[in-house]
Amino acid sequence: MFSFYPTVTDDVGVVRLEALLNGDPTAGTCAITTVTRPFCRVFLSGLANDIDATVTVRAYDAAENHAEATTQIHVDNVAPALVFTPPPESSMRSGSVTITLHDVPADVKAVQVVSVPGDLLARLTGAPWEYTWQAAEGVSSPCFTIWDLAGNSRQLCTHYTVDDTGPTATITPGNRALVRGTRFTTTVKASDPSGIARSYLAGADGAGTTGSYTNATLKAGKDGTRTITWVLLDTLGNQTTATRTVIIDNTTPTLTITKAPKNKAKLTKKATLTATASDRNGIARVQLLVNGKVAGTDTKAGYSFTLNPKTYGKKFTVQMRAYDKAGNVKYSTKRTYHR
């Protein structure tokens with residue numbers, strides 16, 4: 001829309017005005033009041049952008065005598081566009097950040113910087129087209145409203161992520177987990193809104209040093225506690241140090257049969273076998289093996305089993321097996337029975 005205030009005179013007075021766009025009287029309106037000067041406007045929405053158009057004003061007196069004046073205008077229906085650095089959707093740490101507007105069209109007359117609630121932060125009217133923003137976590141980044149000389153406007157918001165927090169990490173084994181063997185593997189899965197730049201574990205054999213998921217292999221060493229430390233950095237340099245303590249356990253549990261028929265005994269009826277087992281990190285289960293196959297499992301102390309000789313052949317072997325919570329195993333001596 002193009003608005004203007006024509007100046008008109010007549011010896012008896014002007015009673016009516018018309019505004020025409022390219023000769024079309026339906027494309028414009030004018031108003032005359034006793035308290036304001038004449039006001040006219042023409043609507044440009046139906047025209048292509050970046051073309052010339054003719055605006056005509058006709059003035060009528062009470063006798064319908066009329067005169068007209070014509071002028072040329074250039075149609076600009078497109079709001080200006082800009083490019084920002086840092087680009088929208090970028091991540092940054094808190095502090096002073098200079099937001100620079102690039103490729104500013106020559107017909108831009110002003111840029112207004114506002115907060116997301118709508119508070120005016122600054123008004124830019126010329127180069128350098130830049131604004132220094134105090135970035136902080138939880139504070140919305142600013143929006144820019146741009147006007148050109150034709151009155152077109154566009155609002156662009158920057159949507160930056162302010163990140164002063166190190167990555168989050170999920171580490172295995174978990175804290176106080178039992179580990180057995182001469183070597184064990186630890187893994188870390190890291191995440192961060194700014195992306196993971198690096199993750200590493202001191203003392204690892206062949207540990208990965210980049211990426212969001214890393215495996216590392218360590219020598220277990222002697223039984224006891226072992227602390228492992230992962231260091232993770234996001235792309236902004238925020239760091240997280242995560243430690244886990246694992247328990248190395250390569251010691252087999254103790255296992256004693258406390259009640260059972262004597263070796264090579266003849267069994268004619270069901271017999272009860274009991275055992276005790278212990279380990280500094282706990283017993284997971286005790287099993288009864290007959291001819292090498294599991295015939296019963298007990299997970300509660302006072303481990304007890306019932307042996308039915310009729311289930312097996314004329315001669316069979318019996319043995320017990322204890323597992324600690326780390327997975328170490330202890331076998332009792334075998335006993336042979338017949339019936």
Side-chain angles (χ1 to χ4, degrees), residues 49-50 76-172 187-202 207-215 229-244:
N49 187 56
D50 199 25
D76 180 0
N77 286 326
V78 177
L82 299 177
V83 177
F84 294 93
T85 54
E89 311 304 331
S90 298
S91 296
M92 59 191 63
R93 300 185 75 168
S94 62
S96 295
V97 177
T98 299
I99 303 174
T100 303
L101 286 61
H102 300 279
D103 302 329
V104 180
D107 64 342
V108 168
K109 66 176 183 179
V111 176
Q112 187 168 282
V113 188
V114 296
S115 65
V116 169
D119 298 327
L120 178 64
L121 301 176
R123 182 177 175 86
L124 312 177
T125 56
W129 298 97
E130 58 186 32
Y131 171 71
T132 300
W133 176 50
Q134 295 302 317
E137 284 190 306
V139 177
S140 299
S141 45
C143 295
F144 295 79
T145 303
I146 307 139
W147 285 274
D148 64 15
L149 294 173
N152 301 301
S153 67
R154 184 193 304 272
Q155 187 176 71
L156 301 171
C157 293
T158 46
H159 300 297
Y160 296 126
T161 298
V162 181
D163 181 8
D164 291 325
T165 304
T168 60
T170 301
I171 297 173
T172 57
T187 64
V188 61
K189 187 174 183 180
S191 63
D192 190 90
S194 304
I196 301 299
R198 188 181 179 208
S199 56
Y200 63 90
L201 178 66
T209 56
T210 60
S212 60
Y213 189 87
T214 301
N215 297 312
T229 301
W230 280 101
V231 180
L232 307 105
L233 295 96
D234 65 17
T235 56
L236 299 177
N238 298 306
Q239 179 176 303
T240 295
T241 300
T243 60
R244 295 292 184 272

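What you are looking at is a predicted structure, and each value in this text was computed from that prediction instead of being measured.
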Exercise. Who are the ring-ring contact (aromatic ring centres under 6.0 Å, His included) partners of Phe84, not counting sequence neighbours?
Worked result: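 Partners of Phe84 by the ring-ring contact (aromatic ring centres under 6.0 Å, His included) criterion, ordered by chain and then number, come out as Phe144.
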Only counting residues at least two apart or in another chain, list the ones meeting side-chain hydrogen bond (donor to acceptor under 3.5 Å, both in side chains) with [X].
| X | answer |
| --- | --- |
| Glu89 | none |
| Thr100 | none |
| Asp192 | none |
| Ser141 | Thr158 |

Disulfide (SG to SG under 2.5 Å): pairs with one or both residues in [range], sequence neighbours excluded:
| range | result |
| --- | --- |
| residues 91-140 | none |
| residues 97-127 | none |
| residues 78-127 | none |

Distance (rounded to the nearest 0.5 Å) between [X] [atom1] and [Y] [atom2]:
| X | Y | atom1 | atom2 | value |
| --- | --- | --- | --- | --- |
| Tyr200 | Leu233 | OH | CG | 6.5 Å |
| Ser140 | His159 | OG | NE2 | 9.0 Å |
| Thr214 | Arg198 | OG1 | CZ | 10.0 Å |
| Gln239 | Asp234 | CD | CG | 10.0 Å |
| Asp164 | Glu137 | CG | CD | 4.5 Å |

Exercise. Is there side-chain contact between Thr132 and Gln134, with heavy atoms separated by less than 4.5 Å?
Worked result: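 The answer is yes; the side chains approach within 4.5 Å.
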Problem set entry | Residues which pass side chain to side chain contact (heavy atoms under 4.5 Å, CB included) with Thr168, listed by chain and number, not counting sequence neighbours |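 Thr168 satisfies side chain to side chain contact (heavy atoms under 4.5 Å, CB included) with Ser191 only.
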Problem set entry | Those residues that, when tested against Ala135, pass side chain to side chain contact (heavy atoms under 4.5 Å, CB included) (two or more places apart) |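 Only Met92, Val97, Trp133, Val162 meet the side chain to side chain contact (heavy atoms under 4.5 Å, CB included) criterion with Ala135.
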Exercise. Is there a donor-acceptor pair closer than 3.5 Å between any side-chain N or O of Tyr131 and the backbone N or O of Pro142?
Worked result: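 Absent.
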Problem set entry | Polar side chain donor-acceptor pair, Ser194 to Thr235, under 3.5 angstrom |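 There is no such pair (donor and acceptor under 3.5 Å, judged by atom type) between the side chains of Ser194 and Thr235.
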In residues 147-157, what donor-acceptor pairs under 3.5 Å come from side-chain atoms, sequence neighbours left out?
residue, atom, partner, partner atom, Å
Asp148, OD1, Ala150, N, 3.1
Asp148, OD1, Gly151, N, 3.0
Asp148, OD1, Asn152, N, 2.8
Asp148, OD2, Asn152, ND2, 3.1
Asn152, ND2, Asp76, O, 2.8
Asn152, ND2, Asp76, OD1, 3.4
Arg154, NE, Pro80, O, 2.6
Arg154, NH2, Ala79, O, 2.8
Gln155, NE2, Thr145, OG1, 3.3

Would you tabulate the side-chain donor-acceptor contacts of residues 102-130 under 3.5 Å, counting partners in other chains and residues two or more places apart, or write 'none'?
residue, atom, partner, partner atom, Å
His102, NE2, Thr85, OG1, 2.7
Ser115, OG, Asp119, N, 3.0

Problem set entry | Least distance between heavy atoms, Leu232 atom then Val188 atom |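 Shortest heavy-atom separation between Leu232 and Val188 comes out as CD2-CG2, 3.7 Å.
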Exercise. Minimum heavy-atom separation for Asp163 to Pro193, with atom names?
Worked result: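 That would be OD2-CG, 3.9 Å.
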